[in-house]
Number of protein chains: 2
Amino acid sequence: MKYLTIGKVAKQAQVNIQTIRYYERQELLPKPLRSESGYRQYTSDTVKRIRFIKHAQELGFSLKEIAELLALRVHADVACESVKSLAEAKIQDIELKIQSLQRMKQTLSTLVTCCEHRKNTSDCPILEALEPPS
Amino acid sequence: MKYLTIGKVAKQAQVNIQTIRYYERQELLPKPLRSESGYRQYTSDTVKRIRFIKHAQELGFSLKEIAELLALRVHADVACESVKSLAEAKIQDIELKIQSLQRMKQTLSTLVTCCEHRKNTSDCPILEALEPPS
DNA sequence: GTAAAGGTTATACTTAAGTATAGAGTCAAG
DNA sequence: CTTGACTCTATACTTAAGTATAACCTTTAC
């Protein structure tokens with residue numbers, strides 16, 4: 001199997017080369033093999049992993065949290081119980097996020113409907129509706 | 001109606017006082033009334049607004065995006081059509097986020113099930129499953 | 001009426017998450 | 001066999017989103 005250079009990985013994963021090295025320093029990516037001359041040698045797993053990271057970021061996870069998510073996999077066979085609770089906590093997190101997003105969406109839909117009816121939007125209590133669950 | 005000082009608002013909204021002033025500079029909060037002596041005078045609307053901001057942040061919106069969301073309300077009666085399209089775009093955003101979170105959640109649930117069955121979790125393809133939609 | 005608590009501005013510092021640059025070595029195409 | 005594209009490390013810069021500090025003024029509580 002052919003190895004990928006950092007430039008190829010960067011292109012495929014749509015990130016800056018520096019970002020890859022940064023993720024390595026932050027231990028979000030494992031230290032890759034090196035060629036004789038010191039070039040990093042990647043496989044397409046790294047591309048997948050980077051895409052996962054970027055994607056999770058867009059969902060509002062910090063790199064630290066993402067590291068935890070990734071660690072779930074790595075250490076799974078080591079400490080199954082703790083993996084399970086971490087995963088369950090994350091699931092809770094995610095459910096709350098989903099609920100909030102759904103409320104947000106609902107409110108925006110209401111706003112759109114208001115717009116369609118050309119009424120004054122002071123009837124659309126966007127702020128109130130978007131408030132966190134009290 | 002009694003006004004709130006910045007300290008009260010900070011306490012009620014659970015944020016740092018500096019954060020409130022920072023939001024004002026960033027125009028996420030309107031410039032408040034001032035007392036004779038220059039103290040900011042708020043109403044509880046500001047508390048709501050700050051809570052909304054913090055909440056939206058947790059969902060992965062940047063302050064800039066949040067400013068747009070908030071602007072929907074302010075300018076609604078001014079340019080209804082453009083508000084509508086902005087809102088619709090945000091709804092799309094939100095739907096995508098929800099979908100991703102749901103996939104993420106599904107995968108984590110699978111991981112939990114694996115843990116429960118005490119199998120080796122190399123069967124749980126967390127990375128693959130959590131990948132962005134291709 | 002005087003401290004303590006809380007407000008004001010302005011400026012500087014911090015953290016997360018990159019991004020850019022310099023100076024040097026390596027690879028591959030003509 | 002050299003030139004251009006690529007890589008390496010190390011260091012420094014940037015942006016977003018706050019936080020902290022100094023030096024000063026105002027309000028409140030005893």
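Lettering of chains follows the sequences in order, A, B, ..., and the numbering in each one begins at 1.
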Do any side-chain atoms of residues 7-15 of chain A form donor-acceptor pairs under 3.5 angstrom with protein atoms, and if so which ones, sequence neighbours left out?
none

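- Between A/Lys31 atom NZ and D/dC8 atom C1' there is a gap of 14 Å when expressed in whole angstrom units.
- Under the rule for a side-chain hydrogen bond (donor to acceptor under 3.5 Å, both in side chains), A/Glu65 has no partner lying at least two apart in sequence or in another chain.
- If you take CD1 of B/Ile20 and P of C/dG6, they are 14 Å apart, rounded to a whole angstrom.
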How does each nucleotide of nucleotides 17-30 of chain D score, in 5' to 3' order, for protein heavy atoms under 4.0 Å: base (B), sugar-phosphate only (S), or none (-)?
BBBBB----BS---
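- Between A/Arg34 atom CZ and D/dT7 atom P there is a gap of 12 Å when expressed in whole angstrom units.
- The side-chain hydrogen bond (donor to acceptor under 3.5 Å, both in side chains) check on A/Ser62 picks up nothing, with sequence neighbours excluded.
- Residue pairs meeting the side-chain hydrogen bond (donor to acceptor under 3.5 Å, both in side chains) criterion with at least one member in residues 25-38 of chain A, sequence neighbours excluded: A/Ser35-A/Ser37.
- For A/Arg40, no side-chain nitrogen or oxygen approaches OP1 or OP2 of D/dT7 to under 4.0 Å.
- Atom-to-atom, CD1 of A/Ile17 to P of C/dA20 comes out at 11 Å; the value is rounded to the nearest Å.
- A straight line from CG of B/Leu28 to P of D/dA16 spans 12 Å, rounded to a whole angstrom.
- A/Leu33 places its CG atom 16 Å from the C1' atom of D/dT7, with the value rounded to the nearest Å.
- Scored by the side-chain hydrogen bond (donor to acceptor under 3.5 Å, both in side chains) test, A/Tyr39 finds no partners at all (sequence neighbours excluded).
- If you take CD of A/Gln41 and P of D/dC6, they are 18 Å apart, rounded to a whole angstrom.
- Remark: B/Lys90 is not positioned above the aromatic ring of B/Phe61, lacking an NZ or CZ atom under 6.0 angstrom from the ring centre and at most 45 degrees off the axis.
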